[in-house]
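Notes to accompany the following structure.
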2 protein chains.
Amino acid sequence: MLSRQKVLKFQKAETDQKDESELGPLARTIGVFLDLTEEEISALDALNRQKIHLAAQQDLYLEGDAIDRTYVLLHGWMCRHRTLEDGRRQIMSFVLPGDLLNHFGAYQPTTIHTVTALTDAVLASFSCHDIVSLSRAYPRLGAAFAWLGARKYSLLEEHVVRIGRRNAYERIAHMLLELLHCLNVVDDSCEDGYELPVTQEILGDALGLSLVHVNRTLRRLRKEGLIQMDSNRRIVILDMDALTEIAEFSPDYLQHRSIPILTEENLQKVG
Amino acid sequence: MLSRQKVLKFQKAETDQKDESELGPLARTIGVFLDLTEEEISALDALNRQKIHLAAQQDLYLEGDAIDRTYVLLHGWMCRHRTLEDGRRQIMSFVLPGDLLNHFGAYQPTTIHTVTALTDAVLASFSCHDIVSLSRAYPRLGAAFAWLGARKYSLLEEHVVRIGRRNAYERIAHMLLELLHCLNVVDDSCEDGYELPVTQEILGDALGLSLVHVNRTLRRLRKEGLIQMDSNRRIVILDMDALTEIAEFSPDYLQHRSIPILTEENLQKVG
DNA sequence: CGTAGAGTTGAGTGTATTCAACTCGGGTGG
DNA sequence: CCACCCGAGTTGAATACACTCAACTCTACG
């Protein structure tokens with residue numbers, strides 16, 4: 001569903017400052033996996049939006065804030081996380097270009113986590129209520145938003161398994177593969193490397209590990225010829241098959257392949 | 001929002017075999033937190049449904065099944081879980097009466113986890129597509145389903161923090177409190193005990209711990225006078241304040257208090 | 001009375017943590 | 001220009017939390 005070409009188009013658009021004839025942020029995010037009609041594109045692009053620039057380390061919003069906006073990350077990396085009183089921190093997920101933030105905002109009185117930029121970042125923001133209205137007016141778009149929510153849930157469940165039942169070696173392998181698949185959506189010719197703009201401490205906070213243990217485990221993965229870490233934090237997967245085996249990674253949960261409700265047959269069922 | 005009285009009403013209805021003038025399963029689940037109109041109740045009750053009885057240990061569906069039904073648990077406990085090849089198992093969540101299962105079914109080609117009955121269980125099942133149709137016809141009901149999804153997401157995020165960054169002692173304390181709050185929805189006169197129909201091994205699988213370590217940690221909680229474990233697996237919280245402090249438990253994430261989109265003001269915003 | 005499942009406990013092991021020191025490179029200010 | 005500092009990465013050593021293996025108890029059940 002997600003074609004390599006479209007993803008590249010998305011990434012190109014991010015870096016351009018002028019959108020010109022390009023699609024708006026939401027149309028691009030949804031358009032990656034769904035062929036939108038002209039009317040749907042117009043409706044998405046007609047929403048009021050604001051552009052936001054954040055420097056690395058800046059917070060977009062804090063745990064407990066009452067936020068009535070939904071965001072689309074256009075450029076850069078962010079993370080969603082929560083910190084305990086004594087400083088222990090858990091990252092729920094990394095946020096990649098195209099991802100939505102505060103997706104469920106209309107349904108939650110306050111946020112329950114903090115969102116922070118890992119690199120300089122650019123976002124577009126929308127009113128949560130506008131998105132709900134739009135979802136009602138355009139059922140296919142509503143289904144697309146719901147699908148994005150279901151997909152996020154699925155990714156979070158996999159994160160639970162990763163943290164709860166895999167050891168450090170498997171956890172890191174699994175995370176690196178997930179990021180690869182999400183960045184370079186799975187097709188047969190996908191690339192095997194990407195920039196991971198994240199310190200080892202942050203990786204540890206995502207995986208429930210200490211910085212030191214992340215360091216040793218990454219070194220082990222390198223020593224065994226499974227990955228390579230260039231300068232500039234570029235990760236290259238050298239032995240995809242072995243890594244997939246170690247991590248017991250099966251990409252089904254990423255749901256990059258199909259959106260059941262958007263088939264002709266199912267759209268008819270729900271009227 | 002969730003009144004104690006209504007919860008008790010829900011539990012009463014579960015055990016009755018005949019519904020008589022009682023509400024149907026979905027109307028009861030949603031009615032716990034939203035005052036439904038007659039029309040909405042009729043619409044919910046008009047959906048085709050099937051009743052399902054499962055014995056303890058039986059699976060409702062397996063990871064990878066293509067399921068186009070959404071379920072409401074009426075009676076008993078279940079869990080959603082995934083198992084790695086070597087047998088390590090992670091429970092994503094316990095499922096309590098009133099909870100929905102395969103909530104996102106319309107948006108997912110196959111399930112990514114297995115659902116198993118922990119006790120004898122009774123469920124009602126509905127067509128996923130019927131629920132999507134209904135959500136379109138009745139926006140407040142659509143919002144209610146979306147809210148339930150957002151709430152599940154919130155609970156899962158807390159589970160990530162619990163597993164990723166709390167130690168065994170804090171993890172168990174936190175889980176016991178979450179279950180208490182979910183069962184006995186928070187009000188000032190809530191009870192302090194409940195039946196936990198779960199072996200220590202299952203608790204370990206939920207918390208990413210070994211059976212032996214769960215055992216020792218529970219014993220420590222007992223020895224310190226924080227909890228009591230009667231026969232019949234009844235848990236009594238003896239020192240709620242201390243336990244809340246240890247677990248750093250703050251019930252906001254449970255979202256038992258408010259449904260933003262369902263206020264008058266917000267319903268107007270979305271038309 | 002024997003068995004099976006759950007709980008309990010001890011002992012030894014191991015994975016991951018903490019504390020600490022050191023390297024390296026980039027940036028800043030004297 | 002160089003000294004200094006800081007953040008990130010690396011490594012060693014000691015510790016601790018949690019796991020595995022194993023044995024034993026207790027209760028329910030047939």
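Quick note on labels: first sequence line is chain A, next is B, and so on, each numbered from 1. Quick note: numbers below take in every heavy atom, side chains included, and nothing from hydrogens, waters or symmetry partners.
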Over all strands shown, is B:G208 touching base, sugar-phosphate only, or nothing at heavy-atom distances under 4.0 angstrom? sugar-phosphate
Identify the heavy atoms of A:I227 and A:L218 that sit nearest to each other, and give their distance. CD1-CD2, 4.0 Å
Base of D:dG12, side chain of A:R216 - is there a donor-acceptor contact under 3.5 Å? yes
Ion pair check, B:R82 and B:E63, cut-off under 4.0 Å: yes
Checking C:dT9, C:dC19, D:dA18 against the side chain of B:N215 (C-beta onward), the nearest is C:dT9
Measure CZ/B:R88 against P/D:dC19 and give the value in whole Å, please. 12 Å
Please report, rounded to the nearest Å, how far the C1' atom of D:dA22 is from the NE2 atom of B:H213. 18 Å
Provide the closest heavy-atom pair for B:R165 versus B:E170 in the form atom of the first, atom of the second, distance. O-OE1, 4.4 Å
Options C:dG7, C:dA16, D:dA22, nucleotide nearest the side-chain atoms of B:Q200: C:dG7
In whole angstroms, how far is the C1' atom of D:dG9 from the CG atom of A:L203? 13 Å
Nearest-Å distance, CE (B:M229) to P (D:dC26)? 17 Å
Atom CD of B:E201 to atom C1' of C:dG7: distance rounded to whole Å? 12 Å
Checking side chain to side chain contact (heavy atoms under 4.5 Å, CB included) for the pair B:H81/B:M92: CA distance, chi angles, key distance, verdict? CA-CA 5 Å; B:H81 58 98; B:M92 314 297 175; 5.7 Å; no
Please report the distance, rounded to the nearest Å, between CZ in A:R219 and P in C:dT15. 16 Å
Answer yes if the ring centres of A:Y71 and A:H103 are under 6.0 angstrom apart, and no otherwise. no
In whole angstroms, how far is the P atom of D:dA18 from the OH atom of B:Y169? 12 Å
Which one, C:dT18, D:dA18, C:dA16, comes nearest to the side chain of B:N167? D:dA18
note: A:I172, atom CD1; C:dA16, atom P; distance rounded to Å ~ 9 Å
For B:R165, answer base if it contacts any base atom (sugar-phosphate contacts may also be present), sugar-phosphate if it contacts only those atoms, and nothing otherwise; contact means non-hydrogen atoms under 4.0 Å. nothing
When we call it a touch if two heavy atoms are under 4.0 Å apart, what does B:L211 touch: a base, just sugar-phosphate, or nothing? base
So, does the side chain of B:R233 form a donor-acceptor pair with the base of C:dG7 at under 3.5 Å? no
Hey, does A:R222 reach any base, or is it just sugar-phosphate, or nothing, if we go heavy atoms under 4.0 Å? sugar-phosphate
Sugar-phosphate only, base, or nothing, as touched by A:S210 at under 4.0 Å among non-hydrogen atoms: base
